[in-house]
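Down below is the structure, laid out as C-alpha cells.
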Amino acid sequence: MPRVLLSLTLNVSTLTLFVALFALAQELSDDEQSKTKSLKYSRKEDDLSPLVAAKEYTSKLEQEVQDLLQKVSELEKQHKSYPEVKFLSYKDRKRILVTGGAGFVGSHLVDKLMLQGHEVTVADNFFTGRKRNIEHWIGHENFELLNHDVVNPLFIEVNEIYHLASPASPPHYMYNPIKTIKTNTIGTINMLGLAKRVRAKMLLASTSEVYGDPEIHPQDEEYWGHVNPIGPRACYDEGKRVAETMCYAYQQQEKVDIRVARIFNTFGPRMHMNDGRVVSNFIIQALQNQPMTVYGNGTQTRSFQYVTDLVDGLVGLMNSNYTRPVNLGNPEEHTIMDFAKIIRNLVGNDVEIVNKPAMQDDPQRRKPDISRAKQFLGWLPKVPMMVGINKTISYFRNELSRQQHSERNIWSPDQPLK
C-alpha cells in the first residue's frame, strides 16, 4: 500500500481516538455538573468509575488501531510487483503499439519492449490472445491494454507499430476465414493509416505461408511462392500476401516507413493449448499418454525457432534501416516424424505415433534462407532446439496440472533459459 494511504489511515485512527476521548471528557464534565443523583455508591467509587471507563475505552480504541494497522500490513503484502524495467529518458522512450499483443508471440514481444523501458499499448480482441499472457504488466505506468479489434480504426499517438494481429494456426484462421481475411486486409489498412497520420514506423508480422508449398529449397525472400488462392489455407496465405502488397503501396505512395518480417514456425511458452500446431499437438498428446498424430507420412519438413529468438529478430528489424522483407526462422530442418520422436523421448512417455491423411495444401518442405537477416540485422537464432522444447514441455505440463483458477501458470519474462 502506498505511504500516502498508510499515513491517511493512521491520521484517521488518531482523529477517531481524539474525538472519542473528547466525547468522554464532555460526558464526565456533564456528570460533574449534574452532581450524581444516586446515593447507591460511595463517593470513592464515584470518583474512580470515570477513570476506569476512560481506560477501558482507550484500550478498546487502541485495539481498533492495531487491527487497522494489521489490515494495512496485509494489504502491503498483496501489493503487486512488476519485473524490473530499464529507465529511459523522454528522449529515448518510445510509445509503441503492439496489435495482437496478448497472443503467443505478441506477449513475448511486449515483455521485451517493457523491459527495455518503453511505453507499450496492446490492442487485442482476445480471439486467440489471453489476458493472462500479459497480466503481469497490467497496472504498470508504462503499460496500457485495449480490448480492440483492428478491423475498426484506432486513434492513438505512437512512434512504432508492431502489427501482429491475426490468428496464425490453421484451426484458428480456418474457423472464420472471412474474419481472417478482414483482419489481414482491413486491419492492416487501418494500421497503415494510423502510421501515416502519426508518422510512425510500422512492422508487419508476415509469414512463411506466403511461400505456400514451395518449389525451391530453402526459401529466400526473392521467391514469389506457390500458393493455392482458393484452398482452405488461402484466407491466411493470401491475406498476408496482400498485407505485404499494401505495406509497399503505402511506402511508395504515402512514404510510410515500413518493415516486413516473414516468420517461420515458432514455439515456446504461452502457446495456445488448442492451436493445432505441430509442437503443441505433440507435447499435449505425449503428456496425456495419447497417440501422437502425424498427418501424412511424416517426411514433410519444418524448421522450428524458439520464441525469444523471433522477438529479438522483430525488434532488430524494427530498429534497422532495412525495408525489404526479411525471413526470421531457424534453418535447422527436421522431418515431422523425427520431431515427434524427439518430443516423445523428452516427455518420457512411450506413446504410439499414428499416421492420418495429409492436410490439403500442407507444405512438404519448409526451411528459411536467413542470409538477409544475418547481413542486415546481424541476427541468428541462439536458443538450442532441445532447450526450447524442454521449456515448452515444462510450461504445458504445468498448464495441464492446473485444477483451479488460483493455480497460476504465468511465464515470467525474467525466467532464464538453462
Side-chain angles (χ1 to χ4, degrees), residues 96 98-116 120 122 124 128-129 133-134 160-169 172 202-211 218-221 236 240 243-244 259-272 275 277-280 283 302-320 322 325-334 339 366-392 395 411 413 415-417:
I96 301 174
V98 181
T99 69
F104 161 47
V105 173
S107 62
H108 286 278
L109 175 60
V110 168
D111 288 344
K112 185 175 183 69
L113 297 174
M114 284 292 296
L115 291 172
Q116 288 180 342
V120 179
V122 167
D124 204 300
T128 57
N133 285 343
I134 38 86
E160 293 179 352
I161 302 168
Y162 287 86
H163 181 36
L164 277 64
S166 175
S169 70
H172 288 154
M202 177 178 140
L203 182 148
L204 171 69
S206 188
T207 173
S208 60
E209 296 297 335
V210 299
Y211 300 127
Q219 297 83 52
D220 62 31
E221 293 86 350
Y236 183 66
K240 288 296 186 182
E244 289 191 16
R259 307 287 185 269
V260 173
R262 290 177 178 166
I263 301 171
F264 283 69
N265 293 69
T266 307
F267 70 96
R270 300 184 190 150
M271 291 184 77
H272 201 290
D275 70 1
R277 300 187 210 201
V278 173
V279 177
S280 53
I283 293 176
R302 296 292 184 272
S303 301
F304 298 94
Q305 67 180 332
Y306 192 67
V307 64
T308 55
D309 283 333
L310 170 60
V311 167
D312 289 344
L314 292 174
V315 174
L317 177 58
M318 177 67 90
N319 294 335
S320 74
Y322 194 74
V326 176
N327 288 338
L328 293 177
N330 191 330
E332 184 180 338
E333 187 179 12
H334 295 272
F339 198 68
R366 185 64 61 75
K367 176 182 176 180
D369 180 334
I370 60 172
S371 302
R372 190 174 283 185
K374 290 180 185 178
Q375 179 181 355
F376 295 101
L377 310 183
W379 178 86
L380 279 172
K382 299 175 182 177
V383 180
M385 188 181 73
M386 295 300 183
V387 172
I389 292 176
N390 277 321
K391 287 290 182 183
T392 310
Y395 173 81
W411 183 266
Q415 284 183 263
L417 287 170

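Basis for what follows: all heavy atoms, side chains included, without hydrogens, waters or symmetry-related copies. Note that the structure is a prediction, hence the values are computed from the model and not measured.
R277 places no side-chain N or O within 3.5 Å of a backbone atom of F267 that could act as its donor or acceptor partner. No donor-acceptor pair under 3.5 Å is formed between the side chain of D369 and the backbone N or O of P218. For the pair S107 (side chain) and A102 (backbone), a donor-acceptor distance under 3.5 Å is absent. A donor-acceptor pair is defined here as one N or O able to donate and one able to accept, closer than 3.5 Å; no such pair exists between the side chain of W379 and the backbone of L314. Distance alone, capped at 3.5 Å, is enough to place a donor-acceptor pair between the H108 side chain and the P269 backbone. No donor-acceptor pair under 3.5 Å is formed between the side chain of Q219 and the backbone N or O of R366. A donor-acceptor pair under 3.5 Å is absent between the side-chain atoms of R262 and the main chain of P325, judged by distance alone. Judged by distance alone, with hydrogens and angles left aside, the side-chain atoms of K367 form no donor-acceptor pair with the main-chain N or O of H334 at under 3.5 Å. With S303 contributing its side chain and N265 its backbone, the two residues share no donor-acceptor pair below 3.5 Å.
Taking every heavy atom of both residues into account, A205 and L164 meet most closely at CB-CG, 3.8 Å. Nearest heavy atom pair, residue M271 against residue G268, reads CG-O, 2.9 Å. Nearest heavy atoms, L328 versus A261: CD1-CB, 3.8 Å. Residues P167 and T128 approach most closely at CB-CG2, 4.3 Å, considering heavy atoms. In terms of heavy atoms, P331 sits closest to P368 at CB-O, 3.8 Å.
In this structure, the side chains of M114 and I134 stay at 4.5 Å or more apart for every pair of heavy atoms. When side chains are defined from C-beta on, E160 counts as touching N319, because their heavy atoms get closer than 4.5 Å. Annotation: side chain of Y162 is in contact with side chain of L113 (closest heavy-atom distance under 4.5 Å). T392 is listed as a side-chain neighbour of Y306, based on a closest heavy-atom distance under 4.5 Å. Side-chain contact between V279 and F339 is present, with at least one heavy-atom pair separated by less than 4.5 Å.
Taken to the nearest 0.5 Å, the CG atom of D309 stands 9.0 Å off from the CG atom of L380. Between atom CD of residue E244 and atom OG1 of residue T207 there is a gap of 9.0 Å, rounded to the nearest 0.5 Å. With rounding to the nearest 0.5 Å, the separation of CD1 in I263 from OG in S206 is 8.0 Å. Note that OH of Y211 is 3.5 Å distant from CG of N327, once rounded to the nearest 0.5 Å. Here R372 contributes atom CZ and L317 contributes atom CG; the two are 11.0 Å apart, rounded to the nearest 0.5 Å. Atom-to-atom distance recorded for R259:CZ and M202:CE is 11.5 Å, nearest 0.5 angstrom.
With hydrogens and angles left out, the side-chain atoms of Q305 and T266 include a donor and acceptor closer than 3.5 Å.
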- Evaluate the side chain to side chain contact (heavy atoms under 4.5 Å, CB included) criterion for residues Q116 and V315: first the C-alpha distance (whole Å), next the side-chain angles of each, then the deciding distance (0.1 Å), finally the verdict. CA-CA 11 Å; Q116 288 180 342; V315 174; 4.2 Å; yes

- Between E209 and K240, is a side chain to side chain contact (heavy atoms under 4.5 Å, CB included) present by the stated rule, with each step listed? CA-CA 8 Å; E209 296 297 335; K240 288 296 186 182; over 6 Å; no

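Paired with K112 under the rule side chain to side chain contact (heavy atoms under 4.5 Å, CB included), one option of D312, V120, T308 passes, and it is D312.
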